[in-house]
Amino acid sequence: LMAALAILVAGVLPLTYVYAREQRAVRAAYWRAVTMEIVGGEMEVLRAGEWQSFAAGTQPYTVRAGAARHLPAGKFVLTRDAKRVRLEWLPDKPAHGGVIRREVTLP
């Protein structure tokens with residue numbers, strides 16, 4: 001009975017670790033996909049002319065998407081200069097989907 005229990009534990013523990021690692025990877029991919037959709041949508045709004053309401057420089061950016069409340073801790077940052085507008089998602093921890101960045105050249 002002890003040998004059977006040891007074999008069972010030796011087989012289940014690695015599977016538990018693999019499952020937990022896979023769960024973290026799927027969660028990070030979900031956060032990345034949601035963030036890409038939000039940044040892409042907001043960049044379309046900015047390209048349509050909303051960029052004119054922001055001063056030059058770097059500033060925090062408030063998104064309108066309801067899905068943003070499902071993201072981990074982080075911030076959206078808008079950077080505008082004379083020729084470009086860049087919108088970035090900067091998570092507090094790199095394992096939370098990574099930085100998402102979109103940049104367009106102004107007309």
Original post:
Between H96 and W31, how do the two ring planes meet: parallel, tilted or perpendicular, split at 30° and 60°?
Top reply: perpendicular
Original post:
So I100 and L90, side-chain contact (heavy atoms from CB on, under 4.5 Å) or not? Walk me through it.
Top reply: CA-CA 7 Å; I100 303 294; L90 305 171; over 6 Å; no
**OP:** Mind checking the CE-CD1 spacing from M2 to I7? Nearest 0.5 Å is all I need.
**Re:** 12.0 Å
Original post:
How long is the span from the CG atom in L106 to the CG atom in L46, to the nearest 0.5 Å?
Top reply: 9.5 Å
Subject >> Heavy-atom check, side chain of T35 versus side chain of L71, under 4.5 Å >> reply: yes
Original post:
Does the side chain of P72 come within less than 4.5 Å of D92's, by heavy atoms?
Top reply: no
Original post:
Is the CZ atom of R27 crowded by more than 12 outside heavy atoms at less than 6.0 Å?
Top reply: yes
Original post:
Has Q52 got more than 12 heavy atoms of other residues, nucleotides or ligands less than 6.0 Å from its CD?
Top reply: yes
Subject >> Residues which pass side chain to side chain donor-acceptor pair (under 3.5 Å) with R24, listed by chain and number, not counting sequence neighbours >> reply: none
Is there a donor-acceptor pair closer than 3.5 Å between any side-chain N or O of [X] and the backbone N or O of [Y]?
{"X": "R32", "Y": "G97", "value": "yes"}
{"X": "R80", "Y": "F54", "value": "yes"}
{"X": "R21", "Y": "V18", "value": "no"}

**OP:** Specify the closest pair of heavy atoms between G98 and W89, including all atoms of both residues, with the distance to one decimal.
**Re:** O-CD1, 3.6 Å
Subject >> salt bridge (charged side-chain N to carboxylate O under 4.0 Å, His left out) partner of E88, the single match among R102, K75, R101 >> reply: R101
**OP:** Applying side-chain contact (heavy atoms from CB on, under 4.5 Å), run through V77 and L87 and close with a yes or a no.
**Re:** CA-CA 6 Å; V77 177; L87 183 59; over 6 Å; no
Subject >> Check against side-chain contact (heavy atoms from CB on, under 4.5 Å), V12 and Y17 >> reply: CA-CA 9 Å; V12 170; Y17 173 73; over 6 Å; no
Tell me which donor-acceptor pairs under 3.5 Å the side chains of residues 36-43 have, and how far apart each pair is, sequence neighbours excluded?
{"residue": "E42", "atom": "OE1", "partner": "Y61", "partner atom": "OH", "Å": "2.6"}
{"residue": "E42", "atom": "OE1", "partner": "R64", "partner atom": "NH1", "Å": "2.8"}
{"residue": "E42", "atom": "OE2", "partner": "R64", "partner atom": "N", "Å": "3.2"}

Original post:
Given L78 and T58, is the side-chain contact (heavy atoms from CB on, under 4.5 Å) satisfied, shown in steps?
Top reply: CA-CA 6 Å; L78 176 78; T58 301; over 6 Å; no
